[in-house]
Visitor: 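Input: one structure, supplied below.
What you see is a predicted model, and the numbers here were worked out from it, not measured in a lab. Both counts, for ligands and for their atoms, begin at 1 and track the order of listing. Heavy-atom basis, side chains included; hydrogens, waters and symmetry copies ignored. Each residue takes its place number in the sequence, starting with 1.
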Amino acid sequence: MEKNNRTLSLSVLSGKGGVGKTSLAVNLAFGLHDMNMNTLLVDCDLGLANLDVMLGVSPGKNIHDVLKHGLSLEETVCRLEKRGLDLIPSASGVVGVPELDEGRRLFIIEKLNNFLSDYRFLIMDLGAGIGPTVLSFARMTHRRVVVVTPEPTSLTDAYALIKVLFMRHGVADFDVLVNMARSEEEAVAGYERIRAACDKFLGLPVRYLGHVRRDDMVSKSVSRQKALVRFAPRSPAAEDISRIVERLSEMRADARDDIAGVSPLSPDRAD
Ligand SMILES: Nc1ncnc2c1ncn2[C@@H]1O[C@H](COP(=O)(O)OP(=O)(O)OP(=O)(O)O)[C@@H](O)[C@H]1O
Ligand SMILES: [Mg+2]
């Protein structure tokens, strides 16, 4: 297989559900696309997929057709823009597949790695929690964006997720994104609680990726099935998202050495 040295892979994960992973994954992908960085968005929430619903696209085929019926990824890809922004959808409410076995996991990794050469970013939107599929996808990517809200339950659940990935799988690279913050101060205070817990109990430094303010335009854009950065590009949350997009672009530049000559996805990066 030809080694890809262009794609930075990111998984978007959280301990608690409903913190904004899918909305953020969509808007970060659009933002990166708008900076001329080809991006592939993959719906890895195999049981309760909703990227397609959020974007108002009706995919004919999805990742389950790849897993079950041997379809190629090319046959499932949905073009979100004319060029440079694509989605691989999943299917919602599929019983029996939300957890992937080792064989299927490796199968998907290989297919994606072969498919990724034209993309600068791969963004994998995961389900919430610490189930085996989440943990395996989270281990595959170069970087992990842990989404939290300032609520204590979200912060403690995120800490639990980081702890499992670190203690059990040796994953040590986390970027915390605080969503639905009322202010930057509240966001930084939330991040500080996770940072302090990871430092004290795990001896692990975690980075602050930034914050996105709580903003009614986010749910309005979801109801309209449009990306916020298209629907309300001047809204506070869209402004915050563009700052994070800039950081991701810098992150990719800084990670040049990490991504050169290695596959974007690896079964267990930390091993
Ligand atoms: N910054 C924000 N301000 C206000 N509402 C938000 C914000 N971000 C997300 N939301 C709203 O929160 C709800 C949950 O968002 P989303 O579906 O993206 O979360 P999720 O983490 O992907 O959930 P799940 O764990 O179920 O996959 C949505 O209704 C969305 O509109
Ligand atoms: Mg989601």
Side-chain angles (χ1 to χ4, degrees), residues 10-31 41-57 59 62-63 80 87-94 98-99 123-131 133-135 137-138 141 144-151 153-158 160-162 174-188 190-191 194 209-245:
L10 303 172
S11 41
V12 181
L13 53 158
S14 72
K16 188 170 182 284
V19 296
K21 293 178 296 300
T22 303
S23 325
L24 290 167
V26 162
N27 285 292
L28 293 174
F30 272 85
L41 195 51
V42 181
D43 195 338
C44 296
D45 194 348
L46 301 182
L48 295 167
N50 49 23
L51 269 173
D52 52 331
V53 180
M54 215 173 249
L55 289 164
V57 293
N62 60 57
I63 212 164
L80 299 176
L87 165 69
I88 295 183
S90 189
S92 214
V94 178
E99 300 297 351
I123 300 185
M124 299 174 96
D125 176 33
L126 307 191
I130 52 172
T133 300
V134 166
L135 295 179
F137 280 130
T141 52
R144 279 143 292 279
V145 175
V146 178
V147 180
V148 297
T149 68
E151 278 178 33
T153 47
S154 157
L155 298 171
T156 47
D157 291 358
L161 172 66
I162 292 173
F174 298 95
D175 289 275
V176 176
L177 196 172
V178 183
N179 190 26
M180 305 193 205
R182 269 171 298 230
S183 65
E184 184 170 6
E185 292 69 38
E186 189 189 40
V188 170
Y191 161 71
I194 294 200
L209 185 63
H211 74 280
V212 174
R213 278 167 283 177
R214 179 179 282 283
D215 182 346
D216 286 345
M217 291 315 256
V218 178
S219 48
K220 287 204 176 110
S221 69
V222 173
S223 315
R224 298 287 186 89
Q225 295 184 302
K226 287 217 160 62
L228 173 77
V229 296
R230 288 283 183 279
F231 176 69
R234 289 177 203 282
S235 58
E239 276 176 16
D240 297 337
I241 284 163
S242 17
R243 247 192 331 269
I244 291 171
V245 166

Visitor: Can you list the atoms of ligand 1 that are under 4.0 Å from a heavy atom of Ser219?
Guide: 31 (O)
Visitor: Determine whether Leu135 and Leu161 make a side-chain contact, defined as any pair of heavy atoms from C-beta on separated by less than 4.5 Å.
Guide: yes
Visitor: Can you find a non-hydrogen atom of Met217 under 4.0 Å from ligand 1?
Guide: no
Visitor: Among all protein non-hydrogen atoms, which one is nearest to atom 8 (N) of ligand 1, and what is the separation to 0.1 Å?
Guide: Asn179 ND2, 2.9 Å
Visitor: Any atoms of ligand 1 less than 4.0 Å from a non-hydrogen atom of Ala128? List them with their elements.
Guide: 25 (O)
Visitor: Calculate, to the nearest 0.5 Å, the distance between atoms CD1 and CG belonging to Ile123 and Asp43 respectively.
Guide: 12.5 Å
Visitor: Nearest to atom 20 (P) of ligand 1, what protein heavy atom do you find, and at what distance?
Guide: Lys21 N, 3.4 Å
Visitor: Under 2.8 Å from the Mg ion (ligand 2) - does any N, O or S atom of Thr22 fall there?
Guide: yes
Visitor: Just which atoms of ligand 1 are under 4.0 Å from any heavy atom in Arg213?
Guide: 1 (N), 2 (C), 3 (N)
Visitor: Starting from atom 2 (C) of ligand 1, which protein heavy atom do you reach first, and at what distance in Å?
Guide: Val218 CG2, 3.5 Å
Visitor: Examine ligand 1 and decide if any of its atoms is less than 4.0 Å from a heavy atom belonging to Ser14.
Guide: no
Visitor: Going by heavy atoms in the side chains, are Leu55 and Val26 under 4.5 Å from each other?
Guide: yes
Visitor: Between Asp125 and ligand 1, which part of the residue brings a heavy atom under 4.0 Å of the ligand: side chain, backbone, both or neither?
Guide: neither
Visitor: Which heavy atom of the protein is the closest neighbour of atom 13 (C) of ligand 1, given with residue, atom name and distance?
Guide: Gly18 O, 4.4 Å
Visitor: Could you tell me whether the side chain of Leu41 reaches within less than 4.5 Å of the side chain of Leu51, counting heavy atoms only?
Guide: yes
Visitor: If we only count heavy atoms from C-beta on, is the Val19 to Val148 side-chain gap below 4.5 Å?
Guide: no
Visitor: Which residue and non-hydrogen atom of the protein lie closest to atom 19 (O) of ligand 1, and at what distance in Å?
Guide: Gly20 N, 3.0 Å
Visitor: Working to the nearest 0.5 Å, report the span between OG of Ser14 and CD1 of Ile130.
Guide: 11.5 Å
Visitor: Nearest non-hydrogen contact with atom 22 (O) of ligand 1 belongs to which option: Val26, Thr22, Leu51?
Guide: Thr22
Visitor: Specify whether the nearest protein heavy atom to atom 28 (C) of ligand 1 is under 4.0 angstrom away.
Guide: no
Visitor: Would you mind listing which atoms of ligand 1 come within a distance below 4.0 Å of any non-hydrogen atom of Val222?
Guide: 31 (O)
Visitor: Near Ser23, which atoms of ligand 1 are under 4.0 Å from a heavy atom of that residue?
Guide: 9 (C), 15 (O), 16 (P), 18 (O), 30 (C)
Visitor: Between Met180, Arg214, His211, flag the one that comes closest to atom 10 (N) of ligand 1 by a heavy atom.
Guide: Met180
Visitor: In ligand 1, which numbered atoms sit nearer than 4.0 Å to a non-hydrogen atom of Met54?
Guide: 17 (O), 18 (O)
Visitor: Measure the distance from atom 3 (N) of ligand 1 to every protein heavy atom, then report the residue, atom name and distance (to 0.1 Å) of the closest one.
Guide: Asp215 N, 2.9 Å
Visitor: Counting from 1, what ligand 1 atoms have a heavy atom of Asp45 closer than 4.0 Å?
Guide: 27 (O)
Visitor: Using a 4.0 Å cutoff against the non-hydrogen atoms of Gly17, which atoms of ligand 1 qualify?
Guide: 25 (O)
Visitor: Is Val147 touching ligand 1 with its side chain, its backbone, both, or neither, if touching means heavy atoms under 4.0 Å apart?
Guide: neither
Visitor: Assess whether atom CZ of Arg224 is packed by more than 12 heavy atoms of other residues, nucleotides or ligands within 6.0 Å.
Guide: no
